[in-house]
Amino acid sequence: MPESLQNITDLTLKELNQAISLLGEPSFRATQIHQWLFSHHATSFDDMTILSLALRKKLSETFSISHLKLVDHQESPEEGCDSPTEKILLKLSDNTFVESVLIASENRMTACVSSQIGCPLQCPFCATGRMGFQRNLSAGEITGQIFALNQLVAAKEPGKTITNIVFMGMGEPLLNTDNVLEAIETLSSRNYRFCLSQKRITISTVGVIPEIQRLGKSGMKTKLAVSLHAADQQKRESIMPIAARQYPLKELGRSLGEYSASTGMPVTIVYLLLKGINDSLDDAKMLARFAKTFLCKINLIDYNSIINIKFKPVYSSTRDIFQQYLINSGLHVTVRKSYGTTINAACGQLATAGKQNPQ
Ligand code: SF4
């Protein structure tokens, strides 16, 4: 197959429609081809037996089909859980890499997927942010991560499948909203393989205000999680400088209020506890004031240490006091267990800088 052919899985459905119309074919053919790629995971145009031989020939002269390739797989046994957390390294058609994580808990198989290679927001506590930014992932590359993770699930227990998706891997999903939403459409549509309820999909953002407004108006039923990490503007700027300056706390609070009022859905406020930085009683008071202005629940998470980064996790006693203050303030608070720390698969630990095919 000539190298120069464009990889068809990188096209959005709209681009595929345009390409198919240039080949003189009706638009429903684009839908059929898209379904063969992202339902049947077709690896060759010959697989698409619903198409005429002539069209399959035209397609193979114009495009290649390149799905994500699994190049590394690590497992981290979790205390009290039969299934390990698994991290995979996937190679993309342009020889870049992305990481994704599979988390088994209770009756769930959660896929934690990436939306970008690296991240432009460069939060100093995050391994992905320290990589810098390479590029957005296409909708096909986002969907491809689910296929790759699902193969692991099915290999262990035929018939089992991914039950939930969280956009908490590498990158800021709301800086790649078009592709993220297209992938969600594919993953949740009845006409495609996974057919997941949008309520089982969570988009996690640092608070990209215009895109939160867009999401609120989109009619999507996905859940929204916002990484707050501080309820004081200055402190937030010290923890996540780019995001906090671009999306100031006051405006963020207003847009979250509008979002929860218009969708009727609570927002999850994610608060990463960093020792000596945002873990005092005053911090808890500021968080309670912020969170009481709209429908939300709070998710406290412990920091997962990263080599050469100065931030440290809090003692469990500090976390208990912080949590209790919020509960006493009438807020709904949970503590999120970290999975996959031993293989650097936990929150903020994903990074593919310098990764090469280990095979
Ligand atoms: S925490 Fe999220 S937004 Fe910040 S650098 Fe990491 S991936 Fe980007």
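Just so you know, ligand 1 is whichever comes first in the structure, and atom 1 is the first atom listed for that ligand. Small disclaimer: the values here were computed from a predicted structure and weren't measured.
Between R135 and D94 there is a salt bridge, since at least one side-chain N of the basic residue sits less than 4.0 Å from a carboxylate O of the acidic one. For the pair R214 and E211, the salt-bridge criterion is met [side-chain N within less than 4.0 Å of a carboxylate O]. Ion pair K156/E75 flagged as a salt bridge, since at least one NZ, NE, NH1 or NH2 atom sits closer than 4.0 Å to an Asp/Glu carboxylate oxygen.
Counting only protein N, O or S atoms closer than 2.8 Å to atom 4 (Fe) of ligand 1 gives 1.
Under the side chain to side chain donor-acceptor pair (under 3.5 Å) criterion, the residue pairs touching residues 283-297 are K235-D283, S280-D283, with sequence neighbours excluded.
To the nearest 0.5 Å, the span separating CE on M109 from CD1 on I165 amounts to 14.0 Å.
Side chains of N176 and E172: no donor on one and acceptor on the other come within 3.5 Å.
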